[in-house]
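Reviewing the structure listed below.
Values below: all heavy atoms of this structure, side chains included; hydrogens, waters and symmetry mates excluded. One is the number of the first residue; the rest follow in order along the sequence.
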Amino acid sequence: WESPEFIGTVASPALYLGVPKDSDKFKDFDAFVAYAKANPGKVNVGQIGQTGIHQVMNLRMMKKFGYKVQPVPFDGGPPTVAAILGGHVDAGFTDNFNPALRPLFLAGDSNPNYPGVKTLTDMGHGDIAMGLYYFIGAPKGTPKDILQKLEAAFEKAMKDPKYLEVIQSLKWSAQWRDAAATHKAIADEAMAVKQLLDEGLLTRAESRDRREPPVPPLTGGAGGSYRPFRRRLWIHEKICCVIAFSVCASCFSAWCFLS
């Protein structure tokens, strides 16, 4: 994480722990914690892959609240959402907006697209709060004056109405953090991962391995056996377009600054 020169944070999807909107089992996060404590290892929590922020959130929450759940990895957000809605997992971490889901909390910052939903910080658990952010970086050693001009250019480009329109269509936040704030946020989360490694809750092999694990069929809920589908949906392409738009717009602005 110390390799790039940080320029700024440009977008923030809302990461949350979600359940079906009509769930009677988990009316709120307190009910989730109480049930998980009373039924150790019997609550299945969906997540993307078996590494990354979802796994880190699961581990930090189990440590803090003293319960044990069973993480269930999926290949992407849409399969995770499908598993939650189909009753194949009890809850799941996702950043995909879906009106059929009810967030129990937002893991990072508040988001206007989720009115009334508290963040972990709001609930007094800011020590384990972690967000999902897109940041822009440059190669190590890039001259400081160039970095400052790029930082100003990206900040300006984020105010472009088209960029804001697409970000809103994804229910993300067009959250700007300058280089210093971006570096601090990433450093804090890197230290949280290091702590899990030092305590043996996360192995170094797991933290390095980015291959998707084989996922066995799931049982239970409303659909019996279930294997998450592995095709990419349109929203992933749209996300790529958003980031590409941001980069192109900002690079153009940077070119104007440097010319």
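- Taking 4.5 Å as the limit, some side-chain heavy atom of Ile7 sits within range of a side-chain heavy atom of Leu147.
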Evaluation steps, side-chain contact (heavy atoms from CB on, under 4.5 Å), between Leu201 and Met62: CA-CA 10 Å; Leu201 298 177; Met62 283 191 275; over 6 Å; no
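- Taking the six-membered ring where the residue is Trp, the centroids of Phe65 and His125 are separated by under 6.0 Å.
- A side-chain donor-acceptor contact under 3.5 Å links Asn111 and Asn113.
- Nearest heavy atom pair, residue Met130 against residue Ile53, reads CB-CD1, 4.0 Å.
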Pair Tyr35-Tyr67, ring pair (Phe, Tyr, Trp, His ring centres under 6.0 Å): steps then yes or no: CA-CA 9 Å; Tyr35 187 90; Tyr67 63 67; over 10 Å; no
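- Leu120 places a side-chain heavy atom less than 4.5 Å from the side chain of Met57.
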Residue pair Leu59, Glu199: steps toward the side-chain contact (heavy atoms from CB on, under 4.5 Å) verdict: CA-CA 11 Å; Leu59 291 172; Glu199 295 173 356; over 6 Å; no
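- The shortest side-chain heavy-atom distance between Tyr133 and Ile186 does not fall under the 4.5 Å cut-off.
- Side-chain atoms of Phe93 and Met61, non-hydrogen and from C-beta on, do get closer than 4.5 Å to each other.
- Between Phe6 and His183, the angle of the ring planes goes over 60°, which puts this pair in the perpendicular group of the 30/60° scheme.
- Considering only heavy atoms from C-beta on, Glu165 stays 4.5 Å or farther from Gln168 through its side chain.
- Around NZ of Lys64, the count of heavy atoms belonging to other residues, nucleotides or ligands within 6.0 Å exceeds 12.
- Trp172 has its side chain out of reach of Phe97: every pair of non-hydrogen atoms, C-beta onward, lies at least 4.5 Å apart.
- The closest side-chain heavy-atom distance from Ile84 to Asn98 is not below 4.5 Å.
- For the atom pair NZ (Lys144) and NZ (Lys149), the distance works out to 14.0 Å, reported to the nearest 0.5 Å.
- Shown here are the side chain to side chain contact (heavy atoms under 4.5 Å, CB included) partners of Thr119, two or more places apart in sequence or in another chain: Leu106, Ser110, Thr121, Asp122.
- Looking at heavy atoms from C-beta onward, Glu151 lies in side-chain contact with Asp178 at the 4.5 angstrom threshold.
- Atom-to-atom distance recorded for Asp95:CG and Ile48:CD1 is 6.0 Å, nearest 0.5 angstrom.
- Side chain of Arg102 to backbone of Lys27: a donor-acceptor contact under 3.5 angstrom is found.
- Note that OG1 of Thr94 and CZ of Phe74 are 11.0 Å apart. Values are rounded to the nearest 0.5 Å.
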